[in-house]
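Bear in mind that the values here come from a model prediction, so they are computed numbers and not experimental data. Below, all heavy atoms of this structure are taken into account, side chains as well, without hydrogens, waters or symmetry copies. Chain naming here is simple, since letters A, B, ... match the order of the sequence lines and numbering starts at 1 in each.
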Amino acid sequence: MSPLLSAQGIGKTYGTRTGCRDISFELHAGEVLAIVGESGSGKTTLLRCLSGHIEPTVGRVSYRMRDGRVLCLTDMSEAERRLLMRTDWGFVHQDAREGLRMGVSAGANVGERLMAVGARHYGNIRAAAEDWLARVEIPGERVDDSPWAYSGGMRQRLQIARNLVTEPRLVFMDEPTGGLDVSVQARLLDLIRGLVRRLNLAAIVVTHDLAVARLLSSRMMVMQQGQVIETGLTDQVLEDPQAPYTQLLVSSVLQV
Amino acid sequence: MTAQSYNFAYLNEQTKRMIRRAILKAVAIPGYQVPFASREMPMPYGWGTGGVQVTAAILTPDDTLKVIDQGADDTTNAVSIRKFFEKTAGVPTTERTGEASIIQTRHRIPEKALRDDQIIVFQVPIPEPLRFLEPRETETRKMHALEEYGVMHVKLYEDIARYGQIATTYAYPAKVGDRYVFDPSPIPKFDNPKLDDCPALQLFGAGREKRIYAVPPHTKVKSLDFEDHPFEVQRWDEPCAICGSRESFLDEIVTDDKGSRMFVCSDTDYCAERQRAGARP
């Protein structure tokens, strides 16, 4: 089976400044890859290149569609790319307000993707929304509430439900637990891990938190100054870091 | 009395040509919003500057013009626009729907069915149906181009979730010719079915937003809805208090400060014609 997503020599420069450069990897179905590194190391730039939000300066990202065709993102028409983003992909933002439509109810947020792909039966859309809210542990009676009335953790779970409702095969997550308190983080991670396993989702998770990487991912990439400096199985990298920077990163985790 | 110092119908010929080009393009692509170089008109934005420019561009000396505002011929906006064209174009005007060749309207489509030799011009405040959901113009254009209209249903979903029904009662979004979703201007949704397969040419002008769009004769116009919440128009429990019509759109009129009110036809010409024919409540 060919990989779900493969990146070949991705690089992005902003004028003379480098966002990221020469990054290649493959991601298979159901696999979770963590990208870790400090602020400004190019993690988010890389994620935005991979997810088609920005076009890489050099390199190619190719994706295996549901029908088995392997297409390069830049060769797709914009319509195809946007359809892909709405159906087969999900994107979980660090700030839930970016990923949600804050002006409409939680139910409408979850239902939006369904309506975008042609669902026109109110009852069914609402039932799907309620089902997904339950799966992310949001009580059913909150379905008509505005996301403004939700706590930070609930907003993040709502964002996940909104992304997963079309049963995507690949989800991009940008610091999904950023800005949440530790107990909420733990529950959210637990939830994401459960969903990823059950739905056989592939995911690319950007984080600066090594605990998130350890809990969610099977493989990880460590980035510094726009380049990948170490890559491997998550346990292996965390137990036996090779690059000096990774060693520093691992040793600087607070032990409580 | 015509003011001789103005060109026919106020606008100069170059401007009219520019607007006609936009109209032709709009007719060629039903429901598509064509940008045009909207001019300053001698009336404030919001008073129908878009509709006035479209009317000025299509008006000929042989036309008979009718102008309505909220269905009535004698309200401020209708009176001032009618006078404007009487003065600058010298064309005959009428209050009778059947006698008009061009009808400029704000908020209503006449109850009397339009014919294929008539043109109806709508004054549009906000032409973009996606605007309240997506504030970026670059994004809404892309959504139209790629037919990404799911978000329109998000609005209707939200209505049902909040009010138990589709509570949008005016400017109700519809799809033109199975392609473009458009905003039929602030007409009540009661009038939406009249847009469909209409023999008359329907032109829409938005002056402030600088857009013209059109529904050519006999074009399919389908109001958006859900399978289990189909599109419905307003209904009233009582008939018009003057002519007794049960088919027309009724306005509620408060008649004193003790809570008395009456329901009467919003289309004054339709009501008057029925009265002439002897209709009573």
Side-chain angles (χ1 to χ4, degrees), chain A residues 52-54 76-89 97-130 132-133 138 140-149 158 161-163 165-166, chain B residues 29 32 126 128-169 171-176 178-181 189 192 220-232:
Chain A
H53 281 87
I54 53 175
M76 280 182 207
S77 70
E78 189 166 20
E80 263 184 310
R81 198 158 55 229
R82 286 169 68 113
L83 183 68
L84 187 69
M85 283 185 193
R86 279 203 312 268
T87 53
D88 217 17
W89 287 4
R97 280 175 298 182
E98 279 178 55
L100 292 173
R101 202 172 278 284
M102 296 300 284
V104 299
S105 68
N109 265 289
V110 180
E112 179 174 346
R113 276 176 161 233
L114 294 175
M115 292 183 247
V117 294
R120 293 291 178 262
H121 190 285
Y122 175 81
N124 295 350
I125 294 167
R126 194 177 169 82
E130 281 173 348
W132 269 100
L133 289 183
I138 293 174
E141 73 256 23
R142 304 291 304 265
V143 65
D144 290 332
D145 287 3
S146 152
W148 287 112
L158 176 61
R162 170 183 161 88
N163 273 289
V165 69
T166 48
Chain B
I29 317 172
Y32 173 73
I126 298 165
E128 181 51 72
L130 301 163
R131 179 61 68 237
F132 290 106
L133 298 147
E134 176 51 66
R136 287 168 295 177
E137 175 70 16
T138 47
E139 187 66 13
T140 53
R141 283 198 204 187
K142 198 166 277 176
M143 290 161 83
H144 280 295
L146 301 176
E147 267 189 276
E148 289 181 4
Y149 290 133
V151 71
M152 286 312 310
H153 277 85
V154 172
K155 183 170 181 281
L156 301 180
Y157 172 99
E158 196 63 9
D159 267 1
I160 302 172
R162 268 192 214 170
Y163 308 109
Q165 55 174 333
I166 297 177
T168 302
T169 52
Y172 193 101
K175 199 170 215 180
V176 182
D178 293 321
R179 177 58 182 85
Y180 284 98
V181 165
K189 67 176 170 183
N192 267 32
K220 180 176 166 192
V221 177
K222 178 158 184 346
S223 305
L224 303 184
D225 61 1
F226 285 104
E227 288 158 15
D228 48 346
H229 285 266
F231 173 80
E232 279 174 358

Rounded distance (nearest 0.5 Å) linking atom [atom1] of [X] with atom [atom2] of [Y]:
X: A:Arg86; Y: B:Glu148; atom1: CZ; atom2: CD; result: 4.0 Å
X: A:Tyr122; Y: B:Ile160; atom1: OH; atom2: CD1; result: 5.5 Å
X: B:Leu224; Y: A:Met115; atom1: CG; atom2: CE; result: 12.0 Å

Problem set entry | Criterion side chain to side chain contact (heavy atoms under 4.5 Å, CB included) on A:His121 and B:His229, from CA distance to verdict | CA-CA 8 Å; A:His121 190 285; B:His229 285 266; over 6 Å; no

Exercise. So which of A:Gly107, A:Gly111, A:Gly103 has the biggest tally of heavy-atom pairs under 4.5 Å with chain B?
Worked result: A:Gly107

Seminar exercise, completed: Most heavy-atom pairs under 4.5 Å with chain B, out of A:Gly118, A:Ser77, A:Ser105, belong to A:Ser105

For this session: Any chance you could lay out the side chain to side chain contact (heavy atoms under 4.5 Å, CB included) test for A:Arg82 and B:Leu146, step after step, and finish with the verdict?
Result: CA-CA 9 Å; A:Arg82 286 169 68 113; B:Leu146 301 176; 3.4 Å; yes

Exercise. Quick check: are there more than 12 heavy atoms from other residues, nucleotides or ligands sitting under 6.0 Å from CZ of B:Arg131?
Worked result: yes

Exercise. Take atom CD in B:Glu232; do more than 12 heavy atoms of anything else shown fall under 6.0 Å from it?
Worked result: no

Problem set entry | Salt-bridge criterion met for A:Arg126 and B:Glu158 (N-O under 4.0 Å) | no

For this session: Select one option (side chain, backbone, both, neither) describing which atoms of B:His153 are under 4.5 Å from chain A's heavy atoms.
Result: both

Exercise. Going by heavy atoms in the side chains, are A:Ile125 and B:Phe226 under 4.5 Å from each other?
Worked result: yes

For this session: Please answer whether the main-chain N or O of B:Leu133 pairs with a side-chain N or O of A:Arg101 as donor and acceptor at a distance below 3.5 Å.
Result: yes

Exercise. So, for B:Asp228 and A:Gly123, which heavy atoms are closest and what is the spacing to 0.1 Å?
Worked result: OD2-N, 2.6 Å

Problem set entry | Closest non-hydrogen atom pair, B:Asp225 against A:Arg120 | O-CD, 4.2 Å

Exercise. With chain A, which of B:Arg162, B:Lys142, B:Lys155, B:Glu147 has the greatest number of heavy-atom pairs at distances under 4.5 Å?
Worked result: B:Lys142

